[in-house]
Amino acid sequence: MYSEKVMDHFQHPRNMGEIEDASGVGTVGNAKCGDIMRMYLDIDDDGIIQDVKFKTFGCGAAVATSSMATELVKGKNIQEALQVTNKAVMEALDGLPPVKVHCSLLAEEAIHAALWDYAEKHGIKIEGLKKPKSDIHEGEEDEEEEY
Amino acid sequence: MYSEKVMDHFQHPRNMGEIEDASGVGTVGNAKCGDIMRMYLDIDDDGIIQDVKFKTFGCGAAVATSSMATELVKGKNIQEALQVTNKAVMEALDGLPPVKVHCSLLAEEAIHAALWDYAEKHGIKIEGLKKPKSDIHEGEEDEEEEY
Amino acid sequence: MKKVIYLDNAATTRTAPEVVDAMLPYFTEYYGNASTIYELGGSSKKAMNEARETIAGILGAQENEIYFTAGGSESDNWALKATAEAYRAKGNHIITSKIEHHAVLHTCEYLEKNGFEVTYVDVDENGKIKLGELEKAIRPTTILISVMFANNEIGTIQPIREIGEIAHKHGILFHTDAVQAFGQLPINVDEYHIDMLSASGHKLNGPKGIGFLYIRKGVKIRSFIHGGAQERKRRAGTENIPGIVGFGVAAKRAAETMQERTAKEIALRDHLIDRVLKEVPYTRLNGDRTDRLPNNANFSFQFIEGESMLIMLDMEGICGSSGSACTSGSLDPSHVLLAIGLPHEIAHGSLRLTLSEETTLEDIDFVVDTIKGIVGRLRDMSPLYED
Amino acid sequence: MKKVIYLDNAATTRTAPEVVDAMLPYFTEYYGNASTIYELGGSSKKAMNEARETIAGILGAQENEIYFTAGGSESDNWALKATAEAYRAKGNHIITSKIEHHAVLHTCEYLEKNGFEVTYVDVDENGKIKLGELEKAIRPTTILISVMFANNEIGTIQPIREIGEIAHKHGILFHTDAVQAFGQLPINVDEYHIDMLSASGHKLNGPKGIGFLYIRKGVKIRSFIHGGAQERKRRAGTENIPGIVGFGVAAKRAAETMQERTAKEIALRDHLIDRVLKEVPYTRLNGDRTDRLPNNANFSFQFIEGESMLIMLDMEGICGSSGSACTSGSLDPSHVLLAIGLPHEIAHGSLRLTLSEETTLEDIDFVVDTIKGIVGRLRDMSPLYED
Ligand SMILES: Cc1ncc(COP(=O)(O)O)c(C=O)c1O
Ligand SMILES: Cc1ncc(COP(=O)(O)O)c(C=O)c1O
Ligand code: FES
Ligand code: FES
């Protein structure tokens, strides 16, 4: 069902945990399945993501995309981090089954939520970042019709 | 499907053939399946059935019941022959599958038809014998309901 | 034990040993439910997908257009009932032929009781559907045409491409019951404009109790068996993995050997037909002489009755049938033989012999010799025969 | 290869080797169509009748009340749809429970779209149907009550005799989905006032793709699959003889070993339940503590999610499930767990382990130890868990 890369990130999640006094923390829930992801960002004065951690209550794909997403944003600047879409995460994982595409959105949204929190805390505005919904339920692949 | 007795009479039908100048001949058809049986009787002046032959266009059960019926009436007098019902024939054959009960009626009716022919030819009336229908389609076991 | 010559391959076939071998591991080793997440279920799923791919490939279809069922009857019921339901808003008229299998005919009768109208198109004396009549039967409310690919009793192959074209031209869905044809004849769903196609594993040396319905992408048929999310939510029920695997292997095998096998069967079939027609008087061949299934011969012997003949053949080790197996127990003469114009008493004396790859020339010659004797004996016994 | 501990026997079971052995001759040797006249078909018919007799015997039913199908889903669909159809003149109301299998629930939804009214009776926190509510739901138009014998997810056994008595008292037909119960619990259709009962072969070490519907004599249910005259004209389709034979052997085996086997399973199950509840905090057992299937354990582990747990268990060679197999692919939490009152996020972290006769004490201890580790790891990862 899952690619080897997904299984690898699921079995050995990178950057799992918390950051105390993080610069930004974002938690999002998935209306579709009820799963939840929390992302912690440590952003330095130059706007570089020095550290990132996640916690996830979710399926295998959710864990793997969390893990991969943290790897993709670590060391990047904020604008670069905003480019880490769910598509990018899925590609880096060699794809996900159609029914699991929505899980990858959790990761994207959790990063956005954490960046939003960072922006609010620091009273800045991040170009191109919209206020994250606390529940995400859009952009999934069309499911099969019901018969 | 068939008992050993049925198979025996089917494989080695007794009294198969025709009687030239028979005292009585009866042919009946089965409305249910379209099969046909003809019975030839040779009845002497004492009313004893000296010889009997049959011809059958029909299933295995039809052949076997024809054969058994001829054995049961041979040497009997007319009143005794009238007692040879399809039930008697079936019993003598150790039974028939439910769907084949109607076949045994052919034999009973063919004998009756031959006796009727004999009575007509000789201008007599046989006690208890009704004019045979040329097509029989009554008295079968109830078939399964249709669903 | 006496040698058995099995000539009832249209009723069912011997499961090929290699098919059984392929199935075996899925009973006791890879027995996992295909819908689960663990590896054991993954093996089942993989095997199932392989079978689906094989079958799709043979038909020129997509994998996700093949839906496994429990056999031809379920496929036919599904195709007709669930299409009727889904397209009811468009219309309530269905066209089929007089010589369909009961799985189609009785389903049509059921639909008639439920507000649908069905036209049963005639066939000619060879069992070919009358295309003109078919086209004339089309109404604005016609939602489905269902005509079998090849007939199970008399073997006649229908002009499926032409029927498909007619359906296509009028924007009507086309279903074909290919239970007898799949594995015996080359079929391409696109070339023939087929929207739905039924097949059954046990007719091509696969296992019993497994079949499929091909449903072209875009056809809005409903579910017939509701429940779990199997078969892309369209057909509920824990997947019969050994059956599916067996069906896949049987289909592959049938496709690969088709040319050689059917050429051999046609030669033997023609030898059988020629000898019987020449050597047994008052005999006719039912079905089209050339457009017929490679392995099918169907004769009517005047003045005699089918069941007696079958029992006598069985006593000589020959398995044949009269009418179709699924109607035995019924006393009515075959609706197919009546539809091609045979009178009752002749329809009654019909014999279907259907060959397999295992049939030999010696078998056929023995069968013909035996038939000659049996027909003679039964005619002697028949009140209809005067010689 | 790593040792596999298969604890998903409610999804499907390993076909017993003696079942496969019994089936084998019917693939390649006695492959005849059971509806034919020749001896080869006679062997098939005999074998089929034997299986029917065995199964009827186990249920205290008559042979001619057992109708073979392709599995539990078909049986459920048949029972509900065709009864609804046959008794429509009497009424259009059906009563069932909120925790039925989807084969019943989705069929009920289908019937609702077609003019029927369905009452879904609540269950209590242990998954037992509320008898008072059930009886109150009865209307003059109620034609059918369908309640499962035992639940496939949480294992709760329903008070079937009481439900049967209520149905009986009101002159309403009673169907029970016994797919999980047949072979695991003693069932007598007369004692329990059961009019129809569904079962499926692959749940009791029989083959997949075969099931039956018991229909009490006199119940005027219609056909569901129309066509040939098989199964006393009620269920069309060439009989799946190997499947039927295998089901017969499996049923016999399950009945004969029931007492000893289930006693052993209950002991292991209770050991599993006791250890998990004691050693894993924030954990609850779903389903009734005592009125539950001998082989079923179902836990909810707070703060963690099911799929992750299943994958981790699989990596240790343990096959379990979360919710039911046939709904995987669906993201909704189990309707059964919601019906017994669990909130979404707890329903999400549920694990069903279903034992077999092959399960050992060592297996169970290994499984508990593994669960402890996995639950710990996943909780560490969970944003919901604060320790
Ligand atoms: C209670 C219950 N009913 C019905 C079914 C459906 O049976 P099958 O998958 O054999 O069609 C199952 C199992 O999947 C079940 O557990
Ligand atoms: C043309 C045709 N359609 C449908 C069927 C039904 O298939 P099954 O018996 O596998 O359900 C058969 C064979 O019995 C058939 O020959
Ligand atoms: S199913 Fe919920 S995150 Fe994947
Ligand atoms: S079926 Fe016609 S006489 Fe038996």
Side-chain angles (χ1 to χ4, degrees), chain B residues 1-3 6-19 25-40 53-67 70 96-103 105-106 110 113-114 135 137 140-141 143-144 146-147, chain C residues 73 77 102 105-107 109-110 113 282 300-316 319-323 325 327-335 337-338 342-351 370 373-387:
Chain B
M1 169 174 179
Y2 288 130
S3 72
V6 171
M7 286 308 288
D8 177 43
H9 276 263
F10 174 75
Q11 285 178 254
H12 314 286
R14 333 297 201 240
N15 305 309
M16 202 279 288
E18 302 174 33
I19 300 179
V25 181
T27 304
V28 291
N30 194 322
K32 189 136 189 151
C33 60
D35 293 340
I36 291 167
M37 193 182 297
R38 182 174 301 152
M39 201 63 84
Y40 302 83
K53 297 265 186 210
F54 79 90
K55 284 215 158 183
T56 292
F57 165 82
C59 70
V63 172
T65 52
S66 315
S67 165
T70 58
L96 284 175
V99 70
K100 290 296 181 180
V101 171
H102 74 280
C103 315
L105 282 166
L106 266 182
D135 263 358
H137 49 272
E140 305 105 46
E141 299 267 290
E143 258 198 284
E144 293 239 15
E146 289 276 347
Y147 301 103
Chain C
S73 300
N77 273 256
H102 282 145
L105 286 182
H106 288 168
T107 301
E109 288 157 19
Y110 166 84
K113 284 191 207 132
Y282 305 110
S300 284
F301 301 100
Q302 268 188 65
F303 317 124
I304 66 174
E305 194 268 353
E307 190 198 288
S308 294
M309 197 166 21
L310 291 185
I311 301 177
M312 289 190 171
L313 283 168
D314 186 33
M315 286 172 347
E316 303 298 330
C319 303
S321 80
S322 175
T327 51
S328 81
S330 148
L331 304 162
D332 305 324
S334 144
H335 65 285
L337 298 179
L338 298 182
L342 297 198
H344 268 240
E345 72 277 12
I346 294 185
H348 243 297
S350 77
L351 174 68
T370 308
I374 289 174
V375 169
R377 277 184 67 192
L378 285 171
R379 283 187 179 158
D380 278 348
M381 216 185 275
S382 172
L384 300 175
Y385 181 65
E386 322 276 352
D387 57 353

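Just so it is clear, the structure is predicted and the values come from calculations on it, not from any experiment. The chains referred to below are lettered A, B, ... by the order of the sequence lines, with proteins before strands, and numbering in each begins at 1.
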ask   = Where does B:P13 contact chain C at under 4.5 Å (heavy atoms): side chain, backbone, both or neither?
value = side chain
query = With chain C, which of B:M7, B:R38, B:E18 has the greatest number of heavy-atom pairs at distances under 4.5 Å?
reply = B:R38
query = When rounded to the nearest 0.5 angstrom, what distance separates CG in C:D380 from NZ in B:K55?
reply = 6.5 Å
ask   = How many angstroms lie between atom CD1 of C:I304 and atom OG1 of B:T56, to the nearest 0.5 angstrom?
value = 13.5 Å
query = How close do C:F303 and B:F57 get, heavy atom to heavy atom, and via which atoms?
reply = O-CD1, 3.1 Å
remark   = Here the salt bridge (charged side-chain N to carboxylate O under 4.0 Å, His left out) pairs for residues 300-316 of chain C, sequence neighbours left out, are B:K100-C:E307
task = Quick one: list whatever passes salt bridge (Lys or Arg N to Asp or Glu O under 4.0 Å) with B:K53, sequence neighbours left out.
result = none
Segment of B:A62 engaging chain C (4.5 angstrom heavy-atom cut-off) = neither
message = I'd like to know which of C:R377, C:R379, C:H344 tops the heavy-atom pair count under 4.5 Å against chain B.
response = C:R377
ask   = Checking C:M315 against chain B: side chain, backbone, both or neither under 4.5 Å from a heavy atom?
value = side chain
task = Output yes when a side-chain donor or acceptor of C:S308 lies under 3.5 Å from a complementary backbone atom of B:G58, and no otherwise.
result = yes
